[in-house]
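Heads up, the thing below is written out as structure tokens.
Quick note: residue numbers are just sequence positions, from 1. For ligands, and for the atoms within them, numbers begin at 1 and follow the listed sequence.
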Amino acid sequence: MCGIVGYTGKALALSPVLEGLRRLEYRGYDSAGIALVVTKGAPLWIEKRAGKLSNLEDSLGDVIPDAHSGIGHTRWATHGGPTDTNAHPHLDNEGKLALIHNGIIENYVELRELLEKRGHIFTSETDTESVVHLLSDARKAHNGDLAAAMREVCAELRGSFTLLAIHADEPGRIVGARRNSPLVVGVGDGENFLASDVSAFIAHTKRALELGQDEVVDITSTSIVVTDLMGNILTPREYEISWDASAAERGGFPHFMLKEIYEQPKSIADTLIGRTQGLNSEITAGINLEGISKVVIIACGTAYHAGLVGKYAIEKWANVPVDVELASEYRYREPAVDSSTLVIPISQSGETMDTLMALRYAKSHGARIFAVCNTNGSTIPRESDAVLYTHAGPEIAVASTKAFATQLIAMYLLGLHLGRVRGAIDEKTSIEIGNELALLPAKVEQILETVEPLRSLTREFKDSTSMLFLGRHVGYPTALEGALKLKELAYMHAEGFAGGELKHGPIALIENGTPVIAIMPPSNSLLYEKMVSNVQEVKARGAVVIAIGDSDLSSAAHNIRIPTSHEYLQPVLAVVPLQVIAYEMAIARGNDVDQPRNLAKSVTVE
Ligand code: M6R
């Protein structure tokens with residue numbers, strides 16, 4: 001969703017602002033704009049364009065305004081289409097106050113009516129424009145104090161927002177605020193940054209400050225002041241960003257997605273370090289894991305699929321009932337949850353609004369919250385009692401790959417840990433599984449060395465209208481994930497099914513030539529033969545079967561081999577060819593791999 005950047009400091013602001021927007025492109029957007037303070041007291045310099053950032057850069061030409069502070073925005077349209085006029089920043093009627101916004105202002109209609117009565121002239125269809133006019137009036141009422149005005153305005157807004165504002169009378173000052181939407185501060189040397197996430201300023205500083213809910217931040221090149229909405233001064237938590245700028249670059253790969261697929265062995269190894277024989281007390285200190293009667297996993301999309309695998313592992317190893325819930329559905333059905341419930345929100349970004357709202361519902365009913373997250377300083381871990389951070393590193397491609405692999409690892413680690421705490425797993429078994437986990441990075445590496453034939457195989461199915469995925473046990477969520485990847489990247493109809501469910505309806509979809517990807521359980525598993533039967537059923541109706549497994553299946557038209565593994569850990573391996581197939585299919589169909597149509601990386605609205 002929208003990307004937000006603010007810069008104030010010694011450099012000419014256009015370059016760090018544009019660079020920040022470029023690094024936030026992955027979040028997904030459909031227009032972009034920048035506002036800078038060039039001459040104190042004169043109308044602001046502003047440029048905005050619908051479409052890609054390159055459109056904005058083309059319209060800038062060689063112009064480099066003499067400005068040392070400014071704000072930039074990439075917009076993912078919600079209220080009003082992706083046009084030049086609706087693009088941010090939005091200006092007040094004097095052209096001296098500029099505002100950018102991520103989120104949704106729910107009471108914008110009533111605010112607009114009020115402001116129009118006061119004589120403000122609106123030029124866009126956005127919810128954001130109400131805020132800039134409101135802020136303009138509030139600033140005048142506060143004798144030009146932009147931070148005081150921001151505090152007052154935030155108190156009047158309903159909905160979610162990250163806001164950044166600049167005023168022509170105060171070069172070098174940027175005021176921001178956040179509620180249910182991300183904003184971090186980058187602490188530089190003679191320069192400071194505000195951004196949706198740290199990737200926007202990672203090339204300049206590794207020092208970041210976390211901002212809490214309903215906080216206002218007021219920065220210049222040499223000062224950072226954070227307050228609550230009452231104006232009380234707060235001390236934000238500072239943290240060091242553990243990766244560098246190169247981690248957020250393509251590093252010779254044609255696409256971020258391919259780079260991230262190849263980073264999986266390292267991401268898995270990093271997430272496992274020091275944890276296979278139990279989570280250390282630093283991670284679990286804030287949470288009591290004794291006496292839990294139920295586990296509820298809440299997540300969206302790919303993270304939800306990791307949660308489904310987690311259900312198998314946690315129930316098996318910790319002997320506790322586990323429900324996995326789509327976060328967007330959870331709170332609206334008012335589920336029964338209390339202090340004996342352990343809720344596990346899973347989120348790569350840590351900012352997914354659906355997951356955050358489900359977390360808050362559970363927390364308000366007394367649940368204990370143990371988040372799994374990839375993003376330090378983000379909202380979901382901040383609002384949880386404990387966090388198991390995955391160490392996938394920055395994931396830039398919209399389609400999640402290495403984050404999924406590490407979320408699976410987190411599920412296994414939590415399952416083993418809960419099993420030990422509850423005395424449900426014996427030491428020998430937990431050590432054996434820990435040892436199997438440690439083998440996964442090398443096994444994924446092995447798969448990546450042999451994926452080349454998938455390229456031509458994928459091209460064979462490039463014009464198919466539909467592809468089906470079958471799995472059983474943990475292979476079923478793996479099938480769901482394979483289908484989601486294909487939908488996102490190939491824009492092709494794709495569905496995942498549990499092998500045993502086929503005959504209850506979905507088998508009607510099979511016709512001559514329908515490609516079916518079968519995720520075969522390990523050949524020593526009890527379910528192997530059952531899955532062989534399911535393959536026969538679809539083959540008999542004309543399906544072309546591509547089998548993924550640790551041995552060749554004679555009834556399959558194509559076999560993709562993966563190493564043998566512990567049955568529960570197999571999704572970490574089986575998903576790799578599925579990711580590669582989706583990637584290759586996107587290329588074969590001429591689609592945008594890293595930023596598929598209509599999608600955003602970080603979904604910060606409900
Ligand atoms: O940041 P999160 O893990 O909370 O995001 C959840 C989903 O939006 C995300 O996994 C989405 O489904 C991916 N695009 C899938 O590739």
Side-chain angles (χ1 to χ4, degrees), residues 1 24 26-28 76 180-182 196-197 199 255-258 260-261 264 267 271 297-310 324-330 343-360 371-384 387-390 392-411 477-478 480-491 494 496 575-576 578-583 585-586 591-606:
M1 306 245 139
L24 294 177
Y26 77 94
R27 296 170 67 87
W76 189 82
N180 295 337
S181 178
S196 304
D197 70 55
S199 56
H255 300 98
F256 278 109
M257 184 185 176
L258 193 62
E260 288 160 7
I261 288 172
Q264 290 182 110
S267 300
T271 304
I297 298 174
I298 46 176
C300 305
T302 285
Y304 171 76
H305 296 153
L308 290 176
V309 175
V324 190
E325 303 265 1
L326 287 169
S328 55
E329 288 293 316
Y330 183 64
V343 168
I344 306 179
I346 309 175
S347 176
Q348 188 285 128
S349 61
E351 300 292 351
T352 300
M353 184 60 72
D354 291 316
T355 310
L356 179 60
M357 289 305 179
L359 178 165
R360 286 187 182 154
V372 168
C373 187
N374 194 42
T375 311
N376 198 333
S378 59
T379 309
I380 287 172
R382 214 174 34 241
E383 298 197 12
S384 301
V387 193
L388 177 56
Y389 279 109
T390 50
E395 191 178 66
I396 307 292
V398 165
S400 186
T401 53
K402 62 177 180 169
F404 178 67
T406 59
Q407 286 163 351
L408 291 175
I409 299 297
M411 289 294 98
T478 314
L480 295 177
E481 175 59 10
L484 177 63
K485 285 286 91 78
L486 200 68
K487 282 177 216 170
E488 282 184 293
L489 288 148
Y491 317 152
V575 78
V576 178
L578 300 179
Q579 296 165 343
V580 174
I581 288 170
Y583 172 82
M585 197 66 97
N591 296 348
D592 186 336
V593 172
D594 286 335
Q595 291 164 34
R597 70 182 182 200
N598 304 339
L599 295 175
K601 181 69 181 165
S602 181
V603 185
T604 50
V605 294
E606 264 194 282

* Please answer whether the main-chain N or O of I261 pairs with a side-chain N or O of Q264 as donor and acceptor at a distance below 3.5 Å. => yes
* To do: Mark yes or no for whether K601, through its side chain, and L24, through its backbone, hold a donor-acceptor pair below 3.5 Å.
  => no
* To do: Apply ring pair (Phe, Tyr, Trp, His ring centres under 6.0 Å) to Y583 and H255, showing your working.
  => CA-CA 9 Å; Y583 172 82; H255 300 98; 5.5 Å; yes
Do [X] and [Y] have a side chain donor and acceptor closer than 3.5 Å?
| X | Y | answer |
| --- | --- | --- |
| E260 | Q579 | no |
| T379 | E351 | yes |
| E481 | T302 | yes |
| R360 | N180 | yes |

Taking only heavy atoms of [X], which atoms of ligand 1 are found under 4.0 Å from at least one of them?
| X | result |
| --- | --- |
| V398 | 13 (C), 14 (N), 16 (O) |
| S347 | 1 (O), 2 (P), 3 (O), 4 (O) |
| A399 | 16 (O) |
| A303 | 3 (O), 10 (O) |
| Q348 | 1 (O), 2 (P), 3 (O), 4 (O) |

Just need the protein heavy atom nearest to [atom], so name the residue and atom and give the distance.
| atom | result |
| --- | --- |
| atom 7 (C) of ligand 1 | C300 O, 3.6 Å |
| atom 5 (O) of ligand 1 | T352 OG1, 3.5 Å |
| atom 1 (O) of ligand 1 | S349 OG, 2.7 Å |
| atom 8 (O) of ligand 1 | V603 CG2, 4.2 Å |
| atom 11 (C) of ligand 1 | T302 N, 4.2 Å |

* **Verdict with supporting geometry, K402 and E395, salt bridge (charged side-chain N to carboxylate O under 4.0 Å, His left out)** => CA-CA 7 Å; K402 62 177 180 169; E395 191 178 66; over 6 Å; no
* **Heavy-atom side-chain contact between S199 and Y26 under 4.5 Å** => yes
* Asked: What part of E488, side chain from CB on, backbone N/CA/C/O, both or neither, has a heavy atom under 4.0 Å from ligand 1?
  -> side chain
* Asked: ligand 1 versus K485, non-hydrogen atoms closer than 4.0 Å: side chain, backbone, both, neither?
  -> side chain
* Compute the shortest N/O to N/O distance between S400 and ligand 1 and return yes if it is under 3.5 Å, no if not. => yes
* Below 3.5 angstrom, do we get any N/O pair linking G301 and ligand 1? -> no
